[in-house]
Amino acid sequence: MYSPFLRQILILALLATGLLIIDRSTEWFKPARVVIDQLMRPLYWVTNIPDNVLKWGEDNFVGKSELIKKNEQLKQEILIYRGRLQRLSELATENLRLMQLLNASELLFDRILVTKVISVSPTTQRHTITIDKGTKNGAYVGQPVLDSEGLMGQLIRVYANHSVALLITDSSHALPVKVLRNGVRSIAEGRADYGRLTLRYVSPTADIKLGDQLLSSGLGGRYPAGYPVGKVVGIQDITGSVFMSVEVEPSALLDRSSHLLLVFTSDQSDTLKSKL
Amino acid sequence: MSLVPPKFDLAFCLSIAILLQLVPLPIDLMGYRPNFILLMVVMVTLHHPERHDLKTYAVAGLLADAIHDTSFGHFMLVYVLCGGVVSLLSRWTSYFGSLYRVCVFFSLSLIGTVLQGIIAKMQGLSTPIEFLPTLALISVLFFPMIDRLVSRRNV
């Protein structure tokens, strides 16, 4: 009835669809992914050579005057941050005392580990990065990742010496947030754009203004509370919809940061201490 | 005649495509990166339609899934459907001049990116459609390079 060619297309298309469904709904291919990831490492290393050579050149071929200027700038920054830290440590102690009074068990200071980005997802559909820390350093699935400006994402796959982190802008990612000004809660969703997040289910009566700072609310238990997520840059009423469209610019420099921080929440810090 | 078996030459061409696919680009340019693996397989089939069937597309698709970290079957489906079109056209394209081949190449890269966008959308992944025509045009710019590479090898 069908030509062999058409039959071959049908069989292969059905096979592909079957694989797609199985991979989306089960974890059967997880071991295969681990093996593939190990095999891909040398390829990533090779393709990163031009980038690494450029960075090495930038680091090593710098004029003396430029280095002196940079050093001065860093000294000034340290001075400013030390000044701020003095005020912060006072506030933190006061906060801790109040929490103890309330019998709150929330972690005030998270343990952190500095890590480096070693590769970035080659497509725009998946916003993932690979970092140079893995299970050997105590990294775990679901661990929050930060840069100097705010929340970057969470680890989704952890290997011995490296891990893959899903960024907050990936279209499959959502995180609970709150407005710094008044504590209004919402959910910030990624939309495959490195410069934008969208707030989900915001009613037109919600007290959200342009310029409002958003922090992680800590709900859901995945991300610790209080880390900067972004700033509201657009509010729009959608005709016929019961919710508003709220656009958020992420605080973290998702497409630029090369050094990141892995945050250990209280439970994981204890586990790590016992392991070490 | 080359002493290297055709499969090694195909593996060589695919390796070049994989490396081009993985080379880090600035975020702003990443959306404009052509699907080099698909382009390479299409070119290989256009040159030697008698040697490669849809199984080559299926294997290349699985390879692309592994590289792009997408669900297995995502690129495989795109590649098999594109491969179907190429296989149907290849009987005629082998008699075509370069300009017509470029047009086929453009149309196939457009079909490939549209299909990929549709499958991604069905999985809830976002795909910016404004890139698609530009992406197909950029793919055509790589036509001479890929054509030269494939025609010199015994794929």
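To find a chain, count down the sequence lines: A is the first, B the second, and so on, and within it residues start at 1. For the numbers below, each heavy atom of this structure counts, side chains included, while hydrogens, waters and symmetry mates do not.
Heavy-atom distances place both the backbone and the side chain of A/Leu12 under 4.5 Å from chain B. For a residue to count as touching a neighbouring chain, one of its non-hydrogen atoms must lie under 4.5 Å from one of that chain's; by this rule B/Ile119 touches chain A with the side chain only. With a 4.5 angstrom heavy-atom cutoff, B/Ala58 touches chain A only via side-chain atoms. Of the atoms belonging to B/Leu25, not a single heavy atom falls under 4.5 Å from chain A.
For the pair A/Ile22 and B/Phe72, the minimum side-chain heavy-atom distance is 4.5 Å or more. The shortest distance between side-chain heavy atoms of B/Leu62 and A/Leu19 falls below 4.5 Å. No side-chain heavy atom of B/Met30 sits less than 4.5 Å from a side-chain heavy atom of A/Pro122.
Rounding to the nearest 0.5 Å places OG1 of B/Thr70 at 8.5 Å from CZ of A/Arg126. Annotation: the span from A/Leu43 atom CG to B/Gln21 atom CD amounts to 12.0 Å, rounded to 0.5 Å. The distance from atom CE of B/Met76 to atom CG of A/Leu20, rounded to the nearest 0.5 Å, is 10.5 Å. Between B/Leu22 atom CG and A/Asn48 atom CG the span is 9.0 Å, to the nearest 0.5 Å.
In this structure, B/Tyr100 places its OH atom where only 12 or fewer heavy-atom neighbours from other residues, nucleotides or ligands lie under 6.0 Å away. Counting heavy atoms of neighbouring residues, nucleotides and ligands inside a 6.0 Å radius, atom CD of B/Glu50 exceeds 12 of them.
Ranked by non-hydrogen atom pairs under 4.5 Å with chain A, the options B/Val23, B/Asn35, B/Leu19, B/Asp69 are led by B/Asp69. Considering only heavy-atom pairs separated by less than 4.5 Å from chain A, the leading option among B/Leu20, B/Asp53, B/Ile18 is B/Asp53.
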Exercise for review: Carefully, step by step, assess A/Phe29 and B/Asp65 under the rule side-chain contact (heavy atoms from CB on, under 4.5 Å).
Suggested key: CA-CA 12 Å; A/Phe29 295 127; B/Asp65 281 325; over 6 Å; no
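Contact record, A/Phe5 with B/Ser87: CE1-CB, 3.4 Å, taken as the closest heavy-atom pair. The two atoms that bring A/Ile36 and B/Ala66 nearest to each other are CG2-CB, 3.6 Å, heavy atoms only. Minimum interatomic distance between A/Arg24 and B/Ser71 (heavy atoms only, all atoms of both residues): CD-OG, 3.2 Å. Nearest heavy atoms, B/Pro24 versus A/Asp51: CG-CB, 4.5 Å.
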